[in-house]
Number of protein chains: 2
Amino acid sequence: MEAKLLLQDHIAKTASITDEQFDYVYSHFKPLFFKKGQTIIISGDKVDCEYFVVSGCLKAFFINDEIKMYILQFAMPTWWTSDYSALYNQTKATINIDCITDAEVLCLSNDDREKLCKEFHQVEHFFRWRTNKGYIASQKRLLSFMNNNVKIRYEELLALYPQLYNLVPKHLIAAYLGVSRETLSRLYASH
Amino acid sequence: MEAKLLLQDHIAKTASITDEQFDYVYSHFKPLFFKKGQTIIISGDKVDCEYFVVSGCLKAFFINDEIKMYILQFAMPTWWTSDYSALYNQTKATINIDCITDAEVLCLSNDDREKLCKEFHQVEHFFRWRTNKGYIASQKRLLSFMNNNVKIRYEELLALYPQLYNLVPKHLIAAYLGVSRETLSRLYASH
DNA sequence: ATCAGAATGTGATGTAGGTCACGTAACCAA
DNA sequence: TTGGTTACGTGACCTACATCACATTCTGAT
């Protein structure tokens with residue numbers, strides 16, 4: 001689907017704004033096209049924008065000791081991603097975001113988001129709900145981390161995102177689950 | 001501090017509303033007083049409200065297999081708590097909330113929150129930011145879970161909430177860290 | 001004051017998952 | 001086509017933490 005329509009549909013699910021209002025809102029988004037492997041945010045960067053994924057798949061990840069990688073989020077179409085901690089607190093990025101596949105995203109600056117939220121009550125409403133869903137999902141994942149072993153977490157992940165299995169290399173799935181690639185590999189083996 | 005003032009100050013940090021507006025907003029909150037050990041939400045309940053802590057300390061926790069407890073949140077004064085997943089999705093509670101100490105809370109129903117958000121743009125603004133901060137904190141805790149061992153997580157927790165050490169029993173701290181009480185005890189020993 | 005139930009400490013032992021090492025297969029790019 | 005990088009599997013071994021068992025406070029209700 002075209003970027004503009006995808007975003008409009010996405011917003012329409014939680015907020016009612018007119019076509020004219022949406023045109024204005026949309027004018028603040030900048031379409032960007034990335035190739036597989038390209039970097040969007042690197043740790044240490046200044047972070048100005050958040051990103052709405054139109055197509056492709058991104059990963060938001062943290063690198064520890066220059067060695068281990070932990071994936072915070074796979075960002076698929078209609079998902080939003082950024083280093084929100086850096087974005088809202090105006091600090092340097094501590095995580096990285098790059099492209100697992102070729103990707104099209106819509107970029108919205110922090111200033112523009114706040115401006116739009118101020119101008120349109122419905123836009124503020126939309127962003128409240130979006131964040132809310134993210135918060136609930138994050139709590140759920142945290143609980144799963146504490147409560148479930150790797151095998152169950154792996155099955156949960158595949159149930160939630162069946163596409164991932166064929167889309168992203170297994171060692172990235174391991175990095176999302178917070179487990180070594182060897183352990184994940186042995187999990188398959190035992191079926 | 002008095003409940004009303006505490007809430008007003010808390011909201012004023014992110015949203016500007018007049019005294020008259022706040023009086024109206026506040027009229028939707030119901031003050032509740034609980035004794036140590038009392039239960040606020042039990043798994044399986046219908047969840048209608050969220051709670052703003054005025055004094056005391058609550059815990060939001062999950063029980064697995066009727067045996068193991070995992071603490072999602074210690075709720076201290078000016079914190080909000082509820083089973084947000086159940087509250088927003090209108091499903092039954094999957095977590096419990098009870099009182100670690102005597103506590104005073106202000107109760108706000110889901111319907112009233114949505115009503116107030118609709119009536120006052122600034123209230124919607126406030127709740128967007130509150131949720132945002134929660135989301136960022138949750139992501140940070142998730143990362144810490146993946147990245148750090150128990151000792152570091154324990155030190156992080158005490159750095160963040162020094163009061164906890166004397167306020168809550170150690171086995172609850174263990175349940176927050178997602179570790180057995182024995183392991184936590186041995187951590188102290190090694191100093 | 002007393003007694004039951006929490007909370008805490010500590011040893012012995014088990015285990016999930018990490019780390020290291022090595023091999024093979026797939027995928028580009030020149 | 002070839003050579004290099006990335007992905008993936010698998011064995012041997014290690015370690016952080018869980019579990020179980022029991023002893024020792026501490027605390028709160030009668």
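Below, chains carry the letters A, B, ... as their sequence lines are ordered, and counting in each starts from 1.
- With ring centers used as reference points, A:W129 lies under 6.0 Å from B:Y88.
- Ring centroids of A:Y154 and A:Y188 are separated by less than 6.0 Å, placing the two rings close together.
- To the nearest angstrom, P of D:dA18 lies 10 Å from CG of B:L184.
- Here the side chain of B:S185 is nearest to one of D:dC17, C:dG9, D:dG9, namely C:dG9.
- If you check the side chains of B:S144 and B:E156, you find a donor sitting under 3.5 Å from an acceptor.
- Two residues are said to be in side-chain contact when any heavy atoms from C-beta on lie closer than 4.5 Å; A:D102 and A:F33 fail this criterion.
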With B for base contact, S for sugar-phosphate-only contact and - for none (protein heavy atoms under 4.0 Å), nucleotides 19-25 of chain C reads BBB----

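- Note: OH (A:Y165) to C1' (D:dC8) measures 11 Å, nearest angstrom.
- Under 4.0 angstrom from either OP1 or OP2 of C:dT8 there lies at least one side-chain N or O belonging to B:H171.
- Within the nucleic acid shown, B:G178 comes within 4.0 Å of sugar-phosphate atoms alone, with no base atom in reach, counting heavy atoms only.
- For the ring pair (Phe, Tyr, Trp, His ring centres under 6.0 Å) with A:F74, the qualifying choice from A:Y165, A:W79, A:Y176 is A:Y176, the only one to do so.
- Rounded to whole Å, atom P of C:dG18 lies 15 Å from atom CD1 of A:I67.
- Between A:K36 atom NZ and C:dC28 atom C1' the separation is 10 Å, expressed in whole Å.
- If you check the side chains of A:T81 and A:Q73, you find a donor sitting under 3.5 Å from an acceptor.
- Distance B:K170 NZ to D:dT24 C1': 16 Å, rounded to the nearest Å.
- Grouping the Ile, Leu, Val, Met, Phe, Trp and Tyr side chains by contacts below 4.5 angstrom, directly or via other members, places B:V105 apart from B:I95.
- Atom pair A:N166:CG and D:dA7:P shows a separation of 16 Å (rounding to whole Å applied).
- The separation between B:I152 atom CD1 and D:dA16 atom P is 12 Å, rounded to whole Å.
- Rounded to whole Å, the distance from NZ on B:K35 to P on D:dG28 is 13 Å.
- Among C:dT8, D:dC8, C:dT10, the nucleotide with an atom closest to any side-chain atom of A:P169 is D:dC8.
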